[in-house]
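In what follows, chains are A, B, ... by sequence order, proteins preceding strands, each numbered from 1. Fair warning: this is a prediction, and the values are worked out from it, not measured in the lab.
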There are 2 protein chains.
Amino acid sequence: MPGIDQVAKLAGVSTATVSRALSGNGHVSEPTRHRVRAAALELGYVVSSNASSLATGRTRNIGVVIPFINRWYFGAVLEGAEQALLGHGYDLTLYNLSGGDDQRRSVFEHFLLRKRVDAVIAISLELTGDEVDRLMDMHKPIVGVGGSIAGVRTLSIDDAAVARLATDHLLALGHRTIAFIGGNREYDMDFHVPSQRRAGFTAALATAGIDADPELFRAADFTIPGGYAAAKQLLGNPRTRPTAIFAASDEMAIGAILAARDLGLSVPDDVSITGVDDHELAAFFGLTSIAQFPALQGRMAVDILMDQLHPDHTALASSNTPLPFELIVRSSTARPKL
Amino acid sequence: MPGIDQVAKLAGVSTATVSRALSGNGHVSEPTRHRVRAAALELGYVVSSNASSLATGRTRNIGVVIPFINRWYFGAVLEGAEQALLGHGYDLTLYNLSGGDDQRRSVFEHFLLRKRVDAVIAISLELTGDEVDRLMDMHKPIVGVGGSIAGVRTLSIDDAAVARLATDHLLALGHRTIAFIGGNREYDMDFHVPSQRRAGFTAALATAGIDADPELFRAADFTIPGGYAAAKQLLGNPRTRPTAIFAASDEMAIGAILAARDLGLSVPDDVSITGVDDHELAAFFGLTSIAQFPALQGRMAVDILMDQLHPDHTALASSNTPLPFELIVRSSTARPKL
DNA sequence: GTGAAAGCGCTAACAC
DNA sequence: GTGTTAGCGCTTTCAC
């Protein structure tokens, strides 16, 4: 493991020059730069990020805090962020907060504060004022994805608007008896995504002059089996069966499609179904969905951070940037049969 | 951001004592230890991991290199590793190698060598001799999951045995015309998992005195849609239709179940289907599967690393540890109809 | 454009 | 059991 001094010796310059030549900070003549590069290459020299971080105060490492890894949306955001960071020469340190409050506290109190990261990206996590303050105190930029956080730059889709769009699509097709599969309490913790989607759903119905029937609401856990079970309940009773279902996630919508099939109902002839996410399986199931673009969300979070970390910094200190979403109509929705 | 010297001042001791008291290395009297802890707490002091790493040469950070994030198996291994590392006070830096050769090279040449990680876990990646050497040169332990690598401590299931077990299950039920859905070249790159599973399949058939019919083999991409398409081909022709399908992954097996349903075939009455993984959806689909335990695999990899990093080090330098697997029989397999 | 030297914040000998 | 001190390997003024 050669050090900077060996490179300096080999190139016949000082360590200061090596540092400048390799980092691009400060002026070095072309010939010198070349000699240094050659020497570094020959020795297989790679800077020690610790020494460099200690000297500069910057780590080129971003902490990403995320509640799940193995759910499509979260994995996709993570993937997007990872690619973007790698492209900028940054590392990504992953903190998966699936372990409850203790773990969350320990991550915030010990891990993130060790000066190991330059900034943090929080995915679908509503940071507490205290958590934000501690990071701010250390001058660590934060960007949140998936909901707005007081005092923090965030990116999020307008969940109520998403739900309204989905519901309006169903209404426009002529549906009047529309069920909603939302989330249970556990999933409402952080940004109340399920509640907000339900609110948008209810609002859209209200605008169309329809009262939301509490019988047509089911809570589930954002998974395929959860959506399946909820839809079975909704669709099983022929007297109260809705002509359409809006599920707050594509996974649940896919579960609903499978439930309809198992009940001998045809989608969309007997029941129209729509979800949210544009999950990788949505096309396969012909699922009409409201796309949000998780990989893009990850990349955007990184862009904002880079902006904040590197002094072009036009940055608005705190604000929420709305994220794009888009109705993708496939074969799971149609006019209701007369 | 208070430094160690401030803590020292407040506690009325030297920085060395603070370091000892906080890290647990070296002897400090109980009262002193308490005073130091109290001072640290009061100031909100957290060690700078950079300074500490620079001084000790250890980072308490592990690099994890993984080809996919958003596939169930990989996500689960990652999750397992992450939990285990957090528990040991280690950070996890994630390198997702989905971007092709250039990215892979850059990760190995620049990122992993910056002395930022103490060790690396490679998931389903067959490291080249060169990649191994460079890491070894830096005295960085490596553990591989998912296949054996020359000179490296690895954990892997015996893919051929897994396939034999699945095939034997089908044979024991009385099936004689069994199709195999494997992987295409792209998925065979690293540890030849698809080829090995195919070999096990063929071997099991041979033992039963059956020649594998090349018409009953289809390559797919380890996804649900891929398995669906392959199964449609296999099951569509009534003259050549197999009575059972063994898919090299649960995702493909689930696709096959859906294909069978779409063709009006009953599972398992008309066709038995089995997969590998015990995917989180396997139970939902009643899929018979060979479970491997990815989260456990991640945890085991971490345990081995901890062992290697901390001087209990009974460690066998290089060897492959077989991983457990287990047949889980559900409702997707049964005797063939006469 | 380049070099000398003073840190960055901590740890680990080595003394006492 | 605790303090002193010399680094760990870089970066960055400040001179020249």
Side-chain angles (χ1 to χ4, degrees), chain A residues 1-37 39-40 43-61 89 110 113-118 138-139 310-311, chain B residues 1-37 39-40 43-61 89 110 113-118 138-139 310-311:
Chain A
M1 298 159 292
I4 198 173
D5 46 355
Q6 305 195 33
V7 179
K9 208 152 296 166
L10 183 57
V13 296
S14 70
T15 61
T17 299
V18 173
S19 174
R20 285 189 279 252
L22 262 26
S23 71
N25 293 21
H27 297 287
V28 179
S29 72
E30 267 309 301
T32 317
R33 181 190 308 287
H34 279 322
R35 258 183 306 134
V36 171
R37 274 214 234 279
L43 296 172
Y45 169 77
V46 181
V47 296
S48 154
S49 55
N50 284 314
S52 170
S53 297
L54 186 55
T56 61
R58 278 171 287 96
T59 65
R60 296 186 80 77
N61 187 32
H110 301 300
L113 301 178
R114 293 197 266 188
K115 283 170 162 282
R116 196 191 272 286
V117 301
D118 288 341
M138 312 200 65
H139 304 288
H310 299 292
Chain B
M1 298 159 294
I4 198 174
D5 46 356
Q6 306 195 33
V7 179
K9 206 151 296 165
L10 182 57
V13 296
S14 71
T15 61
T17 299
V18 173
S19 174
R20 284 189 281 252
L22 261 26
S23 71
N25 294 18
H27 297 288
V28 179
S29 71
E30 267 310 300
T32 317
R33 182 192 307 289
H34 278 322
R35 256 183 307 132
V36 171
R37 274 213 235 280
L43 296 172
Y45 169 77
V46 181
V47 296
S48 153
S49 55
N50 284 314
S52 170
S53 297
L54 186 57
T56 60
R58 279 170 287 96
T59 65
R60 297 186 80 77
N61 187 33
H110 300 301
L113 301 176
R114 291 196 268 189
K115 283 170 160 282
R116 196 191 270 283
V117 301
D118 287 341
M138 311 200 65
H139 305 287
H310 300 294

### Task
Report the distance from atom CZ of A/R114 to atom P of C/dC8, rounded to the nearest whole Å.
22 Å

### Message
If you apply the rule side chain to side chain contact (heavy atoms under 4.5 Å, CB included), what do you find for B/T32 with B/R35, and how did you get there?
### Response
CA-CA 5 Å; B/T32 317; B/R35 256 183 307 132; 3.8 Å; yes

### N/O (side chain, B/S48) to phosphate O (OP1/OP2, C/dC8) under 4.0 Å
no

### Query
For DNA chain D, whose closest nucleotide is more 5', that of B/G26 or that of B/L54?
B/G26

### Message
Rounded to whole Å, please give me the gap between CZ in A/R33 and P in C/dT2.
### Response
9 Å

### Task
Verify side chain to side chain contact (heavy atoms under 4.5 Å, CB included) between B/I4 and B/V47, making sure each step is shown before the conclusion.
CA-CA 7 Å; B/I4 198 174; B/V47 296; over 6 Å; no

### Task
Over all heavy atoms of both residues, which pair between A/M1 and A/Q6 is shortest? Give the atoms and the distance, please.
O-NE2, 4.5 Å

So which protein N/O to nucleotides 11-14 of chain C N/O distances come out below 3.5 Å?
unit_1 : atom_1 : unit_2 : atom_2 : d
C/dT11 : OP2    : B/S19  : OG     : 2.6
C/dT11 : O5'    : B/S19  : OG     : 3.4

### Query
Is it true that the side chains of A/D118 and A/T59 contain a donor and an acceptor less than 3.5 Å apart?
yes

### Task
Would you kindly give the NE2-to-C1' distance between B/H27 and C/dC16, to the nearest whole Å?
17 Å

### Message
What is the separation between atom NZ on B/K9 and atom P on C/dG9, rounded to the nearest whole Å?
### Response
13 Å

### Task
Verify side chain to side chain contact (heavy atoms under 4.5 Å, CB included) between A/V36 and A/V28, making sure each step is shown before the conclusion.
CA-CA 10 Å; A/V36 171; A/V28 179; 5.7 Å; no

### Message
If we ignore hydrogens and angles and just use 3.5 Å, is the side chain of A/S49 paired with the main-chain N or O of B/R114 as donor and acceptor?
### Response
yes

### Task
Ignoring backbone atoms, establish whether A/S29 has a side-chain N or O less than 4.0 Å from OP1 or OP2 of C/dG1.
no

### Euclidean distance, atom CG of residue B/N50 to atom C1' of D/dC8 [Å, nearest integer]
12 Å

### Message
Show the nearest heavy-atom pair for residues B/V46 and A/H110, with the distance to one decimal.
### Response
CG1-O, 4.1 Å

### Query
When the distance from CZ of A/R35 to C1' of C/dT2 is rounded to whole Å, what number comes out?
11 Å

### N or O in side chain of B/S14 less than 4.0 angstrom from D/dT2 OP1/OP2
no

### Query
Within this structure, what is the CE-to-P distance between A/M138 and C/dG9, rounded to whole angstrom?
11 Å

### Query
Roughly, in whole Å, what's the span from NZ in B/K115 to P in D/dC8?
11 Å

